[in-house]
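One is the number of the first residue; the rest follow in order along the sequence.
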Amino acid sequence: MNLLTRARRPARRSQARGGLAVHLREPRQVVFLALLGLVAAGWVLVALDGGQFLTLESVVGIQQRSAALGIVAIGQTLAILAGSLDLSVAYLISLSSLVAAEIMAGQDGNVGPAVAAVLLISSLVGLVNGLVITRLQVHAFIATLGVALIIKGIVDHLYDGPAGKVPESFQLLGYSRIGPIPVSAVLWAGVAVVAWFLLSRTRLGYRIYAVGGNEEVARLSGIRTGRVIVITHVLCSACAGIAGLLLASRLGAGAPTVGTDGGYDLESIAAVVLGGTALAGGKGGVAGTVGGVLLLAVLDTIFNQLEVNSFVKDVVRGVVIVIAVVVYARRGTRRSA
């Protein structure tokens with residue numbers, strides 16, 4: 001027995017080492033390692049250009065710049081994990097900012113009703129998205145694009161420019177800080193923690209992964225797949241509404257193009273993909289998305305400090321996203337082999 005035990009020990013140790021190596025190659029570890037590498041590269045490049053990279057001002061700027069995108073990307077993660085996606089978030093952000101600013105109209109007492117109205121409207125948009133996808137059997141790309149165009153038509157018809165006014169007390173959400181940490185970053189962290197808890201500690205989270213992994217198998221297992229997809233779209237749209245509130249607090253008013261100018265629809269999907277969440281659904285999580293958002297924010301900060309033109313910015317960002325997808329796809333192919 002002692003000889004058998006000794007013979008088995010090396011195999012178990014090698015398996016443990018192999019398991020650890022696989023764990024370290026998970027997408028969320030990869031994206032955070034890439035983030036550290038990007039920070040180091042940015043430090044060197046900015047120093048060679050005669051500047052300082054990670055100053056307090058730049059760190060706060062990264063946090064503020066990533067907050068709105070981060071909130072939207074968290075919602076997008078939920079939809080993509082369920083095997084869907086949402087292209088209406090950019091226009092919904094613009095609509096949310098306008099609704100919030102007009103209801104507030106500079107009055108502190110109207111903040112509560114404005115927030116409630118935005119969350120209600122955004123949730124209804126998510127409900128429509130989910131029902132069109134599940135009940136009418138329309139592909140998520142087409143369904144959410146159609147809803148996006150409807151929102152665009154409404155916004156273009158009703159608004160020619162900025163509207164409403166956000167009271168100064170609500171503007172603190174966009175600009176105030178707790179020490180070196182912006183309140184907007186705390187809001188983003190709160191949304192991320194809630195989403196992480198939902199995915200990892202609740203029955204709904206298990207069902208989201210199951211539906212995204214294989215919808216037919218999930219249905220045969222007794223999961224109401226349509227209900228799960230609808231819920232993820234409601235949550236995704238609610239996150240877009242929260243981002244609209246945050247941007248309204250920064251601008252001091254609602255803006256009909258604040259969502260589209262920021263490119264929050266494609267940017268949020270890009271952050272999710274960079275974080276290692278599979279577009280087919282079922283694989284990924286919130287931690288990777290947080291890393292993807294920070295990666296894009298740090299990249300933008302480096303570009304701004306080096307005064308890189310917008311063409312080069314877009315090219316580099318596109319190359320980074322393509323490389324990330326290729327790396328994740330190859331790793332998935334090796335594992336399946």
Side-chain angles (χ1 to χ4, degrees), residues 26-29 31 69-89 92 119 122-144 147 188-243 264-265 268-293 325 328 332 335:
E26 287 296 321
R28 61 179 178 270
Q29 277 80 29
V31 71
L69 176 59
I71 293 170
V72 180
I74 294 299
Q76 196 77 256
T77 302
L78 299 176
I80 291 176
L81 281 173
S84 189
L85 56 79
D86 192 344
L87 294 177
S88 66
V89 290
L92 181 55
L119 292 178
S122 57
S123 297
L124 287 175
V125 170
L127 179 63
V128 171
N129 280 331
L131 291 176
V132 170
I133 293 168
T134 57
R135 297 303 177 97
L136 302 181
Q137 298 297 306
V138 179
H139 192 278
F141 183 94
I142 301 300
T144 57
V147 171
W188 174 31
V191 172
V193 169
V194 170
W196 170 82
F197 182 84
L198 173 71
L199 290 173
S200 62
R201 296 290 186 272
T202 68
R203 186 174 298 177
L204 175 60
Y206 164 77
R207 291 173 177 173
I208 289 172
Y209 279 106
V211 172
N214 192 315
E215 185 174 352
E216 183 62 19
V217 171
R219 185 183 66 80
L220 294 174
S221 300
I223 297 175
R224 296 183 179 182
T225 57
R227 178 180 294 183
V228 172
I229 293 173
V230 169
I231 290 174
T232 58
H233 274 281
V234 170
L235 294 174
C236 181
S237 294
C239 286
I242 295 172
Y264 288 103
D265 44 6
S268 61
I269 295 174
V272 174
V273 171
L274 280 174
T277 297
L279 276 175
K283 295 180 181 179
V286 171
T289 297
V290 171
V293 172
V325 173
Y328 296 147
R335 287 184 180 179

Using side-chain contact (heavy atoms from CB on, under 4.5 Å), reason through Ile231 and Arg207 one step at a time and then give a plain yes or no.
CA-CA 11 Å; Ile231 290 174; Arg207 291 173 177 173; over 6 Å; no
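- To the nearest 0.5 Å, atoms CD1 (Ile80) and NZ (Lys283) are separated by 15.5 Å.
- Of the possible donor and acceptor atoms, none in the side chain of Thr144 sits under 3.5 Å from a partner among the backbone N and O of Asp86.
- Between Ala195 and Ile74, the shortest heavy-atom contact is CB-CG2, 3.4 Å.
- Scored by the salt bridge (charged side-chain N to carboxylate O under 4.0 Å, His left out) test, Arg227 finds no partners at all (sequence neighbours excluded).
- Of all heavy-atom pairs spanning Thr277 and Gly285, the tightest one is OG1-N, 3.3 Å.
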Under the criterion side-chain contact (heavy atoms from CB on, under 4.5 Å), I'd like the reasoning laid out for Leu198 against Leu235: C-alpha separation, chi angles, the key distance, then a yes or no.
CA-CA 11 Å; Leu198 173 71; Leu235 294 174; 3.8 Å; yes
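- Judged purely by atom type and a 3.5 angstrom limit, Gln137 uses its side chain to pair as donor or acceptor with the backbone of Thr134.
- In this structure, the side chain of Tyr264 does not engage the main chain of Ala73 through any donor-acceptor pair within 3.5 Å.
- Pairing each heavy atom of Val286 with each of Trp196, the nearest pair is CG2-N, 3.9 Å.
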Derivation and outcome, side-chain contact (heavy atoms from CB on, under 4.5 Å), residues Leu127 and Val230
CA-CA 6 Å; Leu127 179 63; Val230 169; 3.7 Å; yes
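- Across every non-hydrogen atom of Ala143 and Ile133, the tightest pair is CB-CG1, 3.7 Å.
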Verdict with supporting geometry, Cys239 and Ile71, side-chain contact (heavy atoms from CB on, under 4.5 Å):
CA-CA 6 Å; Cys239 286; Ile71 293 170; 4.1 Å; yes
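- In this structure, the side chain of Ser268 engages the main chain of Asp265 through a donor-acceptor pair within 3.5 Å.
- Considering all non-hydrogen atoms of both residues, Leu81 and Leu199 come closest at CD1-CD1, 3.6 Å.
- Here the closest heavy-atom approach between residue Leu119 and residue Ala238 is recorded as CD2-O, 4.2 Å.
- Between the OG1 atom of Thr225 and the CD1 atom of Ile208 there is a distance of 13.0 Å, given to the nearest 0.5 Å.
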